[in-house]
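To start, the structure under review is shown below, and the notes come after it.
Below, chain A is the first sequence line, B the second, and so on; all start at residue 1.
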Amino acid sequence: MTLVLPESLRDVEAVTRVATPARLEYDFTAGRATTTFLRGILEHKILGEACPICHKVYVPSRGACPSHGVPTSEIVELAGPGVLVSYCVVNVAFHGSVMELPYVGGLIQLEGADMFLMHLIQEASPDEVRIGQWVEPVWRDDADLEATLESIRYFRPLDRPDATVDEAGHVVSWGPATRGGAA
Amino acid sequence: MRDVAIVSFAQSHHRRAVEDLNEVEMLMPVTREALDNIGIGIGDIGFTCSGSTDYLAGNAFSFVSTLDGIGPWPPISESHVEMDGAWALYEAWVKLQTGAVDTAFVYSYSKSSSGDLAMVMSRQLDPYAVGPLWLDSVGCAALAASAALDAGVVTREAMAEVAARSRRDALANNEYAQLRFDRTAAAVLAEPDHVGLLHRSDCPPISDGAAAIVLAAGDRARELCDNPVWIRGIDHRIDPMALGYRDLTDVPSARLAASRAGVVPAEIDAWELHAPFSHDELLLRRAMGVPDDAVVNRSGGALAANPMLTAGLIRIGEASWQISSGESERMVAHATQGPALQQNLVAVLEGDR
């Protein structure tokens with residue numbers, strides 16, 4: 001079929017782009033496990049949950065053990081310090097970012113946990129940050145705690161001998177038992 | 001072709017809003033029950049496929065976190081469709097046909113309640129011409145209903161009968177359904193118009209829920225359960241995306257899918273049709289040649305519980321229950337997706353005889 005345009009539409013500029021803004025609002029349900037975690041944060045506690053079969057500790061837990069497909073039913077309180085198992089130095093600003101460049105985002109395996117928490121690493125120059133480094137959470141003042149991971153402002157280096165992290169990014173040795181620094 | 005059967009089905013008690021659990025917590029008991037029914041674990045499954053959409057969760061990659069609920073580590077062979085779980089079942093059926101696996105696990109779920117559902121569903125329209133109008137899913141259905149009423153292919157009385165019968169059948173037959181009550185068609189007709197010419201009762205409820213099915217091929221199906229329900233034919237077809245290209249009073253893709261799936265209406269003793277709106281059932285009946293006196297939606301159908309992207313898979317599961325219980329011998333299960341019955345999947349299911 002040959003399309004014959006009316007005279008008024010001939011030789012007009014082609015439409016090459018259409019913007020269709022969309023905005024949808026949702027009520028997010030944290031669920032049982034995330035509620036446990038967030039309520040812990042309000043009390044200055046980091047609560048993980050363990051699988052009843054393999055006893056791996058997830059923090060924050062989404063509610064299921066991916067190895068066994070069962071609810072993570074045992075609540076485990078973690079001390080707070082952990083080991084940096086991977087990190088990224090961010091040198092490029094992006095829309096909505098409020099961070100001063102450069103800054104470091106880290107994957108942290110908290111002591112006693114089997115999965116990683118992502119958070120900011122501060123009070124450390126990016127060129128000093130390294131895999132295996134111990135870090136500790138810096139909390140907001142108790143009066144300002146809210147049910148959000150942002151109640152932990154960031155993690156900062158802890159003066160303690162480095163842990164050993166394998167190629168897959170898991171801590172294989174948490175380092176010498178003697179602890180230094182102020183935990 | 002390999003013989004493929006449904007060997008287990010489980011579903012949640014569908015609710016208006018599951019406010020205490022996240023998606024994976026809502027899904028886990030259902031997937032667990034489907035596996036426990038036949039005494040197997042995820043390690044006995046050759047291929048897993050799920051159906052859901054992040055648009056409903058309002059959360060990117062929500063389907064990946066939900067996968068945790070079935071235990072995907074160590075890694076399993078797995079896939080996902082941004083479609084009703086019925087299409088996940090189709091993918092699993094194809095995988096079984098290749099001979100690569102003998103068992104497959106299919107699940108779908110949604111929290112339809114998280115956002116403004118009708119507006120969320122408007123995002124499935126084409127993003128250039130219709131999407132910017134924010135034509136919502138109820139408005140879209142009302143357009144089709146008006147067209148069908150104008151054309152004389154449906155009547156408001158027949159629509160009200162479907163609306164009333166669906167909730168009444170759910171009351172009698174389906175403890176998992178959400179809307180279960182006995183209200184007459186006359187009461188439906190007496191309701192004020194809700195959207196366009198649709199009464200509230202012509203529309204499905206908003207439902208949160210989940211469903212899971214285990215498929216197995218040949219002898220493996222007979223090992224796993226005493227009364228496997230065989231998929232004798234399955235096909236899915238699609239009508240054009242642009243509403244303006246379509247005759248909204250007809251469902252050519254459902255007719256074609258039924259024909260390709262081998263549906264012979266006179267040989268079918270009951271139907272589970274995924275008809276979210278009351279006129280949808282009437283249009284589907286016409287398109288697929290469902291006899292006037294046929295048993296349709298003994299479960300109450302999507303008008304009694306409509307977890308998005310799950311109500312289609314539930315039709316297949318419900319049909320499998322009705323066959324394995326001996327209530328029916330050969331059934332048609334149908335699923336739909338997209339605005340105004342755009343995409344349709346039809347399966348013919350049969351028990352061991």
Side-chain angles (χ1 to χ4, degrees), chain A residues 1 3 9 14-39 48-75 94 96 113-118 147 149 168-170, chain B residues 17-29 31-32 34-36 41-43 45 48 54-59 62 64-76 105 107 111-123 125-134 136 208:
Chain A
M1 190 175 87
L3 187 67
L9 289 179
V15 176
T16 55
R17 179 178 294 214
V18 182
T20 59
R23 180 182 172 81
L24 294 166
E25 294 191 5
Y26 295 86
D27 292 323
F28 173 69
T29 304
R32 184 199 57 77
T34 311
T35 296
T36 300
F37 174 78
L38 292 174
R39 291 210 179 281
E49 293 195 354
C51 170
I53 298 171
C54 65
H55 305 293
K56 277 190 180 160
V57 174
Y58 303 95
V59 59
S61 174
R62 275 269 302 169
C65 171
S67 295
H68 295 94
V70 296
T72 47
S73 48
E74 298 164 11
I75 296 172
F94 57 88
D114 293 282
M115 68 176 262
F116 316 129
L117 192 71
M118 200 190 302
L149 193 52
H170 291 83
Chain B
V18 173
E19 288 174 324
D20 46 343
L21 303 174
N22 64 29
E23 280 90 346
V24 67
E25 292 167 347
M26 177 179 77
L27 173 67
M28 226 177 333
T31 49
R32 173 61 47 196
L35 295 171
D36 284 353
I42 195 69
I45 294 290
T48 297
D54 288 353
Y55 275 86
L56 290 167
N59 190 0
S62 66
V64 178
S65 2
T66 314
L67 196 57
D68 283 354
I70 63 162
W73 186 266
I76 60 171
F105 192 36
Y107 65 86
K111 281 198 162 184
S112 311
S113 68
S114 298
D116 179 339
L117 179 62
M119 293 308 255
V120 171
M121 295 314 290
S122 77
R123 298 302 85 197
L125 298 165
D126 90 78
Y128 313 112
V130 187
L133 303 176
W134 289 87
D136 73 31
D208 290 358

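Both the backbone and the side chain of Met119(B) come within less than 4.5 Å of a heavy atom of chain A. At a 4.5 Å heavy-atom cutoff, the contact between Ala57(B) and chain A is made by backbone atoms alone. Proximity to chain B is limited to the backbone of Ala30(A), based on heavy atoms less than 4.5 angstrom apart. Using a 4.5 Å cut-off between heavy atoms, Ile70(B) touches chain A through its backbone atoms (N, CA, C, O) alone. Residue Ala19(A): no heavy atom, backbone or side chain, is found under 4.5 Å from chain B. Contacts between Leu35(B) and chain A at a heavy-atom distance below 4.5 Å are absent for every atom of the residue. Residue contact with chain A, scored on non-hydrogen atoms closer than 4.5 Å, involves the side chain of Glu25(B) exclusively. With a threshold of 4.5 angstrom between heavy atoms, Arg17(A) does not approach chain B through any atom at all. Looking at Val15(A), neither its backbone nor its side chain comes within 4.5 Å of chain B, counting heavy atoms on both sides.
Atom OH of Tyr55(B) has 12 or fewer heavy atoms from other residues, nucleotides or ligands within 6.0 Å. Heavy-atom neighbours of Glu74(A) CD from other residues, nucleotides or ligands within 6.0 Å: above the threshold of 12. Within a 6.0 Å sphere centred on CH2 of Trp73(B), heavy atoms belonging to other residues, nucleotides or ligands number 12 at most.
Side-chain contact check for Asp27(A) versus Ser114(B): every heavy-atom pair is 4.5 Å or farther apart. Side-chain atoms of Asp116(B) and Leu24(A), non-hydrogen and from C-beta on, never get closer than 4.5 Å to each other.
Screening residues 53-66 of chain A for side-chain hydrogen bond (donor to acceptor under 3.5 Å, both in side chains), with sequence neighbours left out, gives Ser61(A)-Thr72(A).
Contact between Arg123(B) and Ala22(A) at its shortest, heavy atoms only, is NH1-CB, 3.9 Å. The two residues Leu21(B) and Thr29(A) make their nearest non-hydrogen contact at O-CG2, 3.2 Å. Closest approach of Thr20(A) and Pro132(B) over heavy atoms only: CG2-CG, 3.3 Å.
Atom-to-atom distance recorded for Ile42(B):CD1 and Ser67(A):OG is 12.5 Å, nearest 0.5 angstrom. A distance of 9.5 Å separates CG of Asn59(B) from OH of Tyr26(A), quoted to the nearest 0.5 Å.
Annotation: maximal heavy-atom pairing with chain A below 4.5 Å, among Thr31(B), Leu67(B), Asp20(B), Val18(B), occurs at Asp20(B). For the set Gly69(A), Ala64(A), Cys65(A), Pro21(A), the count of heavy-atom pairs under 4.5 angstrom toward chain B peaks at Gly69(A).
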